[in-house]
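Below is one structure; the comments refer to it alone.
Atoms considered below: every heavy atom in the structure, side chains included; atoms not considered: hydrogens, waters and symmetry mates. A note on names: the letters A, B, ... follow the listed sequences, proteins ahead of strands, and every chain is numbered from 1.
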Amino acid sequence: MPMRYFRHQWRRGRVGNATSALHDFHKLKGNFISNSVPLPSINPFSSFRLGFQLASLHSNSSSNGDRPRSKFQKVTNLDDALKLFDEMIQRRPLPSVVQFNQLLNAVTKMKHFSCCLHLFKQMRVIGVPVDEYSMSIAIKCCCQLYRTNDGFALLGCCFRRAVVPNVFIFSTLLDGLVLEDRILEAERLFKKLIKQRLCEPDVVMYSTVIKGLCKFGNNVMAIALLRLMDERGCKPNVVSYNTIIDSLCKDKMIDDAFKIFKEMVFDKGILPNVITYNSIICGLCNFCRWEEVSKMLKEMEDEGISPDFQTFNILVDAFCKEGKVDEAEAVIDIMVERGEVPDIVTYSTLIDGYCLRGEMSKARTVFDSLTSRGLVPDVITYSSLLNGYCKNLNIEEAMLMFHEITKNGLKPDIVTFSTMLQGLFRVGRCGAACRLFDEMRAQGQVPDECTYRIILDGLCNNHQVEEALSVFHLVGGSKLNSDIMVYTILIDGACKCGMLDTARNLFHDLTVKGLQPNVWTYSVMISGLCGEGLLTEAKQLFQKMDECGCPPNNVTFRVLLQGYLKNQNYDDVEMLLQQMDGRGYSLDATTLSLLIDQVAAGALDRSMLKLMGRLVPKDLMDTPV
DNA sequence: CTAGGGTTAG
C-alpha cells in the first residue's frame, strides 16, 4: 500500500488517516505553513551517543536456545521445500501428517502463502489426513493473502472432516478479519465463540481482538478488554501490553502509553522488551520529545535490552526529519559498529533527510554508494531521490531519475507518478504533467485520491481552475469527489482566480453532500471572502466555526486579520488579537508586519503593541521585521 | 514432534 505521501503517518496502516491528510495539506499549501516546531539549539542526543558507545562494549550475543531441528523445519528455500514434498508423496507408506505439517509451516515462514495452499490442496487430493495443525496453517495462508473468506470455507471443511476447530484456528481467523479491517465481524465472531463456548479464549486470542480494537482507534475498549481478560483469569502478557502501548503512541497519547507501561512493569511485574521500547521511542520521536527519548534509551541500556535494527532506523528517521542528517549518519555508524547491517530503508531515509535539506549532491552520493554496499535501490529509493529533485525544482534531474527506474527493470508506482506530476506542476509544466498522467493510466496505474489532489491543486496553482473543475465534474460521484481536501483545493483555487461565486457554490455543495468542512476549508473560504472585501460575510463564517465544533486555528485568525488590515477595517483587530492571546496562538511575520505598518501609519493605536509583542513567537524575535 | 497475537521505515 503506498504510504509515502506523508512524512508523518501517525496512524500508519489504520482505518482513516485524517491527520496525515492534514499534514499532506501542509505540504501542498506551502503558503500556510508557519507553525513548524522549533529545533532545540543544543544537540539533544549528545548524552546518549556516549550511551551507545558504552553499550557497544556489551557483547551482542544471540540467544542460543536452539533445539535440534528436523529436516522439514530446516528447509530455507522454496525449491528444496517443493522437492522434499514431491519426494514425500512418493513414499509408501506416506509420511506422517506431522512431517507434512512441519514442511507446510516452513513454507509459510518463507511467506510463500499461495504455494503453501497449493501443497495443502495436493495433500488432500492424495489423501493425506489433515488435522488441526494443517488446517490452521492453511487458514493462516488464506488470511495472509487477504482471503479470509476462503479461510472460513476451510473452517467448513474442518467440520466435515471431523477436525475440531480450536483456539489456534479461531485466533487465526480473527486475525484475518482484523487484517482486512473487518473489525465488526471480528468482534461478532469473538463474542459468538465465548457465548457458544466454541473455545476458551487464551492470551493470544484476547491480544488479537485487542489489536483489532486498537486498529479501529478504540483504545478505551482495548484497555477494557485487557482488564476483562485479567478478571477472567487470563493474564495479559507483554504482547497484550505492547499492542496497547503502541496504539496509544500512534494516537498521540504518549502519556497514557506511559501509564500503561508503568502498570505493566510495576503492578503486573511484566518486563518490557525491545518492541515495547521501540514503540515508545517512536512515539516520542514523533513529538520531538528528545529528552525522554534519551531517557528511554538509557533505561533500555540499564535493563540490559539492546537497541535493535529497528531502534536505530527509528532514530535515523527522527534525526532526518529534524534536518539533523549528521546525527543520522552518526547513528548509522554506531549501528554498524554494533554489528547491525543498515538496509535499503535506512539509506533511503538518509537520502530523504538530505533531500529535505536541499543537499541534493549528498543525497546523490548516498544513492550512488548503495551498489558498493551490496544494496539494490528499489522503486521507493528512486522515488525519494526523484522527490528531492522535484522539491528542489531540478525537474530535469527528476525526469532522468524517473526514466532510470524503468531502465533498471523496475516499475514506477503510483507514488512515483504522483511525485513526478507534482514536480511538473510546480514548475508550471502542465502540458507535460497531463501527458504523464495519461501515460500513468496507460500503464495501468489507477490514480488515488492523492494523485487526484495533486492534479487539481496543480491545475489551480497554474491558473487553470476551469480545467480543474472539469476534471472534478468528470470524476463525478466517485469517492474522490467526496473528499474534503479536494473541495478545499478547488475552493482555494477558485478564490485565488477571483471566481468567488464558484467557491461559494462549492462550499455550499459540500454541506449538501454531508461533508464536514475542516479548519482549512473555512480558512480558505474566509481568505477568499476577505480578498473580495466581503468582511461581514467572512466574519459571519468565522463565528460559525466555533458553533460547528471546528474552532478557528492560528491560520484562520491570521487570514481574517490580514483581511481586515488590507481592507482598512480596524474595528475588530484588537478583539481578534485578544482572542488569539487567550487561545495561546501566535502571529506570523507577514501579519505582524502588516500590523506594525498600521501602527506606524497611525491607523492602529500604539497601545496594541504590547499585545502584539506577546503574540510574537520567540524565533521570530531574532529576525528583524 | 507440527499451528495463532505485538515494534520501525524510505
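- Atom pair A/Gln144:CD and B/dG5:P shows a separation of 7 Å (rounding to whole Å applied).
- Taking only side-chain nitrogens and oxygens, A/Lys140 comes nearer than 4.0 Å to OP1 or OP2 of B/dG5.
- Counting atom types as modelled, A/Thr208 pairs no side-chain N or O with a base atom of B/dG5 as donor and acceptor under 3.5 Å.
- The nearest whole Å value for the distance from the CD1 atom in A/Ile281 to the P atom in B/dA9 is 13 Å.
- Between the side chain of A/Asn387 and the base of B/dG10, no donor-acceptor pair of N or O atoms lies under 3.5 Å.
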Checklist entry - Where do A/Phe168 and A/Lys140 land on the side chain to side chain contact (heavy atoms under 4.5 Å, CB included) test, with the steps shown first? => result CA-CA 10 Å; A/Phe168 284 85; A/Lys140 177 173 166 110; over 6 Å; no
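- If you check every strand for non-hydrogen atoms under 4.0 Å, A/Ser134 touches nothing.
- Not counting sequence neighbours, the partners of A/Arg182 by the side chain to side chain donor-acceptor pair (under 3.5 Å) test are A/Asn149, A/Glu180, A/Glu185.
- Rounded to an integer number of Å, the gap from A/Glu132 CD to B/dA3 P is 14 Å.
- Using a 4.0 Å heavy-atom criterion, one finds that A/Val316 contacts no nucleic acid atom at all.
- The base of B/dT8 sits with one of its N or O atoms less than 3.5 Å from a complementary donor or acceptor on the side chain of A/Gln310.
- Rounded to whole angstrom, the span from the CG atom of A/Leu177 across to the P atom of B/dG4 amounts to 17 Å.
- In the set B/dT7, B/dG5, B/dT8, B/dT8 carries the atom at the smallest distance from any side-chain atom of A/Lys250.
- Listed nucleotides B/dG4, B/dG10, B/dT7 differ in distance to A/Ser171; the shortest reach to its side chain belongs to B/dG4.
- By the 4.0 Å N-to-carboxylate-O rule, A/Asp317 lies close enough to A/Lys321 to be salt-bridged with it.
- A/Ile169 has its CD1 atom 10 Å from the C1' atom of B/dG4, to the nearest Å.
- In the model, A/Asp378 has a side-chain atom that pairs as donor or acceptor with a side-chain atom of A/Thr381 under 3.5 Å.
- Proximity note for A/Lys211 (side chain, C-beta onward) versus B/dG5, B/dG10, B/dT8: the nearest is B/dG5.
- Here the side chain of A/Ile380 is nearest to one of B/dG4, B/dT8, B/dG10, namely B/dG10.
- The base of B/dG5 sits with one of its N or O atoms less than 3.5 Å from a complementary donor or acceptor on the side chain of A/Ser207.
- Here A/Phe168 counts as stacked on B/dA3: its ring centre is under 5.5 angstrom from the base ring centre and the planes meet at under 30°.
- Comparing B/dT2, B/dT7, B/dG5 against the side chain of A/Ser279 picks out B/dT7 as the nearest.
- For A/Cys282, the listed nucleotide lying nearest its side chain is B/dT8; candidates were B/dT8, B/dG10, B/dG4.
- Under 3.5 Å, the side chain of A/Thr381 and the base of B/dG10 form at least one donor-acceptor pair of N or O atoms.
- In the set B/dT8, B/dG10, B/dT2, B/dG10 carries the atom at the smallest distance from any side-chain atom of A/Ser384.
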Checklist entry - Can you list the steps and then say if A/Asn273 with A/Thr276 is a side-chain hydrogen bond (donor to acceptor under 3.5 Å, both in side chains)? => result CA-CA 5 Å; A/Asn273 59 19; A/Thr276 323; 2.9 Å; yes
Checklist entry - Do A/Thr108 and A/Phe113 pass the side chain to side chain contact (heavy atoms under 4.5 Å, CB included) test, and can you show the C-alpha distance, the side-chain angles, and the key distance before you say yes or no? => result CA-CA 6 Å; A/Thr108 310; A/Phe113 303 117; 3.7 Å; yes
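- Among the protein residues, A/Met135 comes within range of no part of the nucleic acid, since none of its heavy atoms lies under 4.0 Å from any strand.
- Side-chain N/O atoms of A/Asn313 and base N/O atoms of B/dG10 include no donor-acceptor pair closer than 3.5 Å.
- If you check distances only, the side chain of A/Asn166 does reach the base of B/dA3 with a donor-acceptor pair under 3.5 Å.
- As rounded to whole Å, 13 Å separates atom P of B/dT8 from atom CG of A/Asn273.
- Looking at A/Ser384 and A/Asp352, their side chains do bring a donor and an acceptor atom within 3.5 Å of each other.
- A/Asp343 comes within 4.0 angstrom of nothing in the nucleic acid, heavy atoms only.
- In this model, the phosphate group of B/dT2 is not approached by any side-chain N or O of A/Asn105 to a distance below 4.0 Å at OP1 or OP2.
- The nucleotide whose nearest atom lies closest to any side-chain atom of A/Asp378 is, among B/dT8, B/dG10, B/dG4, B/dG10.
- Summarising the geometry, the separation between CG on A/Asp317 and P on B/dT7 is reported as 17 Å, rounded to the nearest angstrom.
- Using a 4.0 Å heavy-atom distance criterion, A/Val203 is classed as a base contact.
- Checked against B/dG10, B/dA3, B/dT2, the side chain of A/Lys109 finds its nearest nucleotide in B/dA3.
- Atoms CD1 (A/Ile351) and P (B/dA9) sit 18 Å apart, rounded to a whole Å.
- Among the heavy atoms of the strands lying under 4.0 Å from A/Val238 is at least one base atom, whether or not backbone atoms are also near.
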